[in-house]
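Reading through the structure tokens given below for one structure.
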Amino acid sequence: MGLVFKADSELRKDAKRIKEIIENKVDYINSLTAEEIQQLAQKQFPELLQKKEKEVQEEADFIREIIEEHNRTGRFDGKVHTRFPPEPNGWLHIGHAYSINRNYNFAFEYRGKFNLRFDDTNPLTEEEEFVESIIKDVLWLGVDYEDRLLFASDYFDQLYEYAVQLVRKGLAYVDDSSVEEIREMRGTITEHGQESPYRNRPIEENLDLFERMKNGEFKNGEKVLRAKIDMSHPNMLMRDPIIYRILHASHHRTGDKWCIYPMYDWAHGLEDSIEGITHSNCTLEFEVHRPLYDWYIDQLEDEEGNPIHHSQQTEFAKMNLSYMVLSKRNMRMLVEGGYVNGWDDPRMLTIAGMRRRGYTPEAIRNFSLAINFTKREKLIDMSILEHYIREDLDKRCPRVMSVLNPLKLVITNYPEDKEEVFSVPNHPSDKSMGTREVKFTRNLFIEKEDFMEDPPDDYYRLSPGKEVRLKYAYFIKYEDTIKDEITGEIKEIHCTYDSETKGGESPDGRKVQGTIHWLSADNALKVEVRQYDRLYTKENPMDTEEGKEFKDYLNPDSINIIESYVEPFLKEKESGSRSQFERNGYYVIDIEDSSKENLVFNRIITLRDSWGKK
RNA sequence: AGUCCCAUGGUGUAGCCUGGAAACACUCCGGACUUUGAAUCCGGUACCGGGAGUUCAAAUCUCCCUGGGACUACCA
């Protein structure tokens, strides 16, 4: 304020003149069109147009609101403890990554904890192999469960004790009915169920029978333990749900200790309770299970007779991606039908597949956090995922030259035995990535598609009569095309170079429209390149037309293996290392099939291409 | 058919509780810049499922309708 006053008094005498000048300027500005203002700004004040550092926006989703509400009311004493509870019976995919990342992020943001817990309650379908692959995947994603690698099977004793408690309270009974009988008596969505004839067995008898179930006195399917709730409940799950079934099967962790195993609804909420989970987030199909989840927990008490910890279950919608199917069933068909090469095929959006494809955990995380938890079903456009992948790769990948589909180019006025070495930057904007040396010789390779005999007007690259820049090297001018006399196929292109343009700049200020990449034919390294593309050609392959199935929408060009050339130093890179092949895309050295003798690159993703699209 | 859930540009989300000129990201279309037709930067097109009601004012509150989804495994 003081400053304004001072200026005001000093300038008062000129006030009239200043007012006039300002008015003129305002009139002038008002006379401009929006486009003119924009052009002026871009020319004279580009810094004004720089985007402001974005304020870190608080992620907002409905589960966060629930957490905030709990924090306000003190329901969990301000604690946040989430978990990811996979069943070890399959491979994790990007949908799981979404859930893992977001659940982990809740814990991270609220300084809480995150558990990895295997929900291993069904020995018939679960295998140790999946435990290992899931742990590997979760760690790769970069989430930290500290020392909380947990297993539901570790709680089997406690779960059994809780069940005994329920029986003692008269809230559970042993039922001798067969699967069919139980199914029949359950009723339907619109009809009430009927009570089992065993429903009113005395507590002592139930206790005895349940213990004998545990001791292995009965065969599979002979008896089950059921909760006594309400056979006419509109929610089918509340019609005396099964708590334990008899399964004489060996468990991957508990061996043959148990022959009764808890059902999902019984086990899951109690696992959450035992671990002190505050926010148990799961997918929408479990919404109807919540009343049962709550009911079980509400009936039980600890040794002192206090209610047991009650987590809040909240359901969110699964994530679906366009041009992909993420269901376990569909993925299994792809693998078993041989449409892809295993669960870690780089075309699969399994975590293992993405790791092999070269996607980064950071990109997957950014993507996951961008797609909020909601309750509405979604089919996310693949381009959103691709955006986050490119965004991360652009920052981190050193640039390198490659020639995917080679065309020989001879610089006719360049001496046969001459060899030059150019020092070129590894990244156009990140100087800290340093430089490397690239050899230049008379015989080169360029990309087939960088030459056209009869190009359209807006073709920037090499063509008869055109001069282009070989990136980091020289300007070259077209001279001649050598063709196979019989087939007419283009064998090589002859050009001349301008020695004055070393490094790619012309001293006379002459400009070229196109810049193309190249490789010295005498020094290039031959490698295998796997050009991957989307697996499906249809946005939603599950939305099948009459008489078609998902297979009909598989992209026949989802993989294309070619022999290509790259800069020789890549031989020294480790598998899994990523580069941008300039103008071609991002590539990673395959972690399975690549070797020093036969380098194999996977195309992670193409560059955006505003020319190719036209 | 019973219970429950959902509905904002092309896609994904914010805004709804606490009514007041619908915002962000991606895609798309233009433009600036460019030794990657990349990146970066600027601009543009385009949205509240429908109908009543309450109100000065409704994406927001109320009611009805429509559309989509979940649930009838000794799976999770």
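Quick note on labels: first sequence line is chain A, next is B, and so on, each numbered from 1.
- When the side-chain nitrogen and oxygen atoms of A:Asn220 are compared with OP1 and OP2 of B:rC74, none of them lie within a distance under 4.0 Å.
- Considering only the side chain of A:Val224, B:rC74 comes nearest among B:rU72, B:rC74, B:rA14.
- Checked against B:rG12, B:rG37, B:rA76, the side chain of A:His289 finds its nearest nucleotide in B:rA76.
- Between A:Arg64 atom CZ and B:rC17 atom P there is a gap of 21 Å when expressed in whole angstrom units.
- A:Phe373 has its ring centre less than 6.0 Å from the ring centre of A:Tyr98.
- Contact annotation: the side chain of A:Tyr586 never approaches that of A:Arg578 to less than 4.5 Å [non-hydrogen atoms, C-beta and beyond].
- Looking at heavy-atom distances under 4.0 Å, A:Arg461 makes contact with a base.
- Annotation: B:rG49 and B:rA59 have their C1' atoms spaced 12 Å apart (nearest Å).
- Between A:Lys378 and B:rU13, a side-chain N or O to OP1/OP2 separation shorter than 4.0 Å is present.
- Residue A:Arg290 places no side-chain N or O under 4.0 Å from the OP1 or OP2 atom of B:rA70.
- To the nearest whole angstrom, the two C1' atoms, one in B:rC16 and one in B:rC61, are 10 Å apart.
- For A:His289 and A:Tyr293, the ring centers are positioned 6.0 Å apart or more.
- In the set B:rC5, B:rU36, B:rG2, the nucleotide with an atom closest to the side chain of A:Gln580 is B:rU36.
- Distance CH2/A:Trp266 to CE/A:Met263: 13.0 Å, rounded to 0.5 Å.
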Could you walk me through whether A:Arg534 and A:Glu386 satisfy the salt bridge (Lys or Arg N to Asp or Glu O under 4.0 Å) test, starting with their C-alpha distance in whole Å, then the side-chain angles of each, then the deciding distance to 0.1 Å, before giving a yes or no? CA-CA 11 Å; A:Arg534 293 172 177 178; A:Glu386 292 175 342; 3.3 Å; yes
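- The pair A:Lys502-A:Glu420 meets the salt-bridge criterion, since a charged nitrogen lies less than 4.0 angstrom from a carboxylate oxygen.
- Note on A:Pro262: only backbone sugar-phosphate atoms sit closer than 4.0 angstrom, heavy atoms only; bases stay farther off.
- Checking B:rG2, B:rG37, B:rU72 against the side-chain heavy atoms of A:Thr188 singles out B:rU72 as nearest.
- Taking side-chain N and O atoms only, A:Ser322 has no distance below 4.0 Å to OP1 or OP2 of B:rU11.
- We find that the ring of A:Trp611 and the base of B:rG37 stack, their centres lying under 5.5 angstrom apart and their planes tilted less than 30°.
- Comparing B:rA14, B:rC26, B:rC74 by their nearest atom to the side chain of A:Ala60 picks out B:rA14.
- Closest to the A:Arg583 side chain, of the nucleotides B:rU36, B:rG12, B:rA76, is B:rU36.
- Residue whose closest nucleotide on RNA chain B sits further toward the 5' end, between A:Glu287 and A:Arg469: A:Glu287.
- Rounded to an integer number of Å, the gap from A:Phe373 CZ to B:rC6 P is 16 Å.
- A donor-acceptor contact closer than 3.5 angstrom is absent between the side chains of A:Glu126 and A:His252.
- Distance, A:Phe581 CZ to B:rA39 C1': 19 Å, rounded to whole Å.
- Using P as the reference atom, B:rG50 and B:rG44 are 26 Å apart when rounded to the nearest Å.
- More than 12 heavy atoms of other residues, nucleotides or ligands sit less than 6.0 Å from atom NE2 of A:His248.
- The nucleotide whose nearest atom lies closest to any side-chain atom of A:Val288 is, among B:rC71, B:rG37, B:rU13, B:rC71.
- Near RNA chain B, defined here as any heavy-atom distance below 4.0 Å, the residues from residues 428-436 of chain A are A:Pro428, listed numerically.
- Listed candidates were B:rA25, B:rA39, B:rG69. Nearest to the side chain of A:Arg608 is B:rA39.
- Regarding A:Leu284, its CG atom lies at a distance of 13 Å from the P atom of B:rG69, rounded to whole Å.
- When both distances must be under 3.5 Å, the Watson-Crick or G-U wobble mate of B:rG53 is B:rC61.
- Look at the P atom in both B:rG67 and B:rA57: the space between them is 31 Å, to the nearest Å.
- A:Leu607 comes within 4.0 angstrom of a nucleotide base, judged by non-hydrogen atoms across all strands.
- Rounded to whole Å, atom P of B:rC41 lies 11 Å from atom CG of A:Asp394.
- Position along RNA chain B of the nearest nucleotide to A:Thr121 versus A:Gly504 favours A:Gly504 as the more 5'-ward residue.
- The phosphate of B:rU13 (OP1 or OP2) has a side-chain N or O of A:Thr374 nearer than 4.0 angstrom.
- Close placement of the A:Phe210 and A:Tyr160 rings is indicated, their centers lying within 6.0 Å of each other.
- For the C1' atom pair drawn from B:rG30 and B:rG15, the interatomic distance equals 30 Å after rounding to whole Å.
- Comparing B:rC75 with B:rC6, their C1' atoms sit 26 Å apart, to the nearest whole Å.
- Taking the ring centroids of A:Tyr472 and A:Phe422, they lie at or beyond the 6.0 Å cut-off.
- Nearest heavy-atom pair across A:Lys378 and A:Asn372 is NZ-O, 3.2 Å.
- Partner assigned to B:rU3 is B:rA70, using Watson-Crick or G-U wobble distances below 3.5 angstrom.
- Test A:Arg226, A:Arg199, A:Lys228 against A:Asp175 for salt bridge (Lys or Arg N to Asp or Glu O under 4.0 Å) and you get one pass: A:Arg226.
- Taking side-chain N and O atoms only, A:Ser178 has no distance below 4.0 Å to OP1 or OP2 of B:rC74.
- Summarising the base pairing, B:rA23 is matched to B:rU13 through a Watson-Crick or G-U wobble pair whose two defining distances lie under 3.5 Å.
- Closest approach to the A:Arg399 side chain among B:rC74, B:rU36, B:rU27 is made by B:rU36 (side chain taken as heavy atoms from C-beta onward).
- In a base pair of the Watson-Crick type (N1 to N3 plus N6-O4 or O6-N4) or a G-U wobble (N1-O2 and O6-N3), with each distance short of 3.5 Å, B:rA32 is matched with B:rU40.
- Proximity of A:Arg245 to the phosphate of B:rA73: no side-chain N or O atom is located under 4.0 Å from OP1 or OP2.
- In this structure, A:Asp381 atom CG and B:rC26 atom P are separated by 13 Å, rounded to whole Å.
- Atom name C1', nucleotides B:rG10 and B:rC29: the rounded distance is 13 Å, in whole Å.
- Between A:Glu184 atom CD and B:rA73 atom P the separation is 12 Å, expressed in whole Å.
- The side chain of A:Glu65 lies closest to B:rG15, out of B:rG15, B:rU72, B:rC5.
- Regarding A:Asp230, its CG atom lies at a distance of 14 Å from the C1' atom of B:rG2, rounded to whole Å.
- Taking side-chain N and O atoms only, A:Arg376 has a distance below 4.0 Å to OP1 or OP2 of B:rU8.
- Rounded to whole Å, the C1' atom of B:rA58 lies 13 Å from the corresponding atom of B:rA52.
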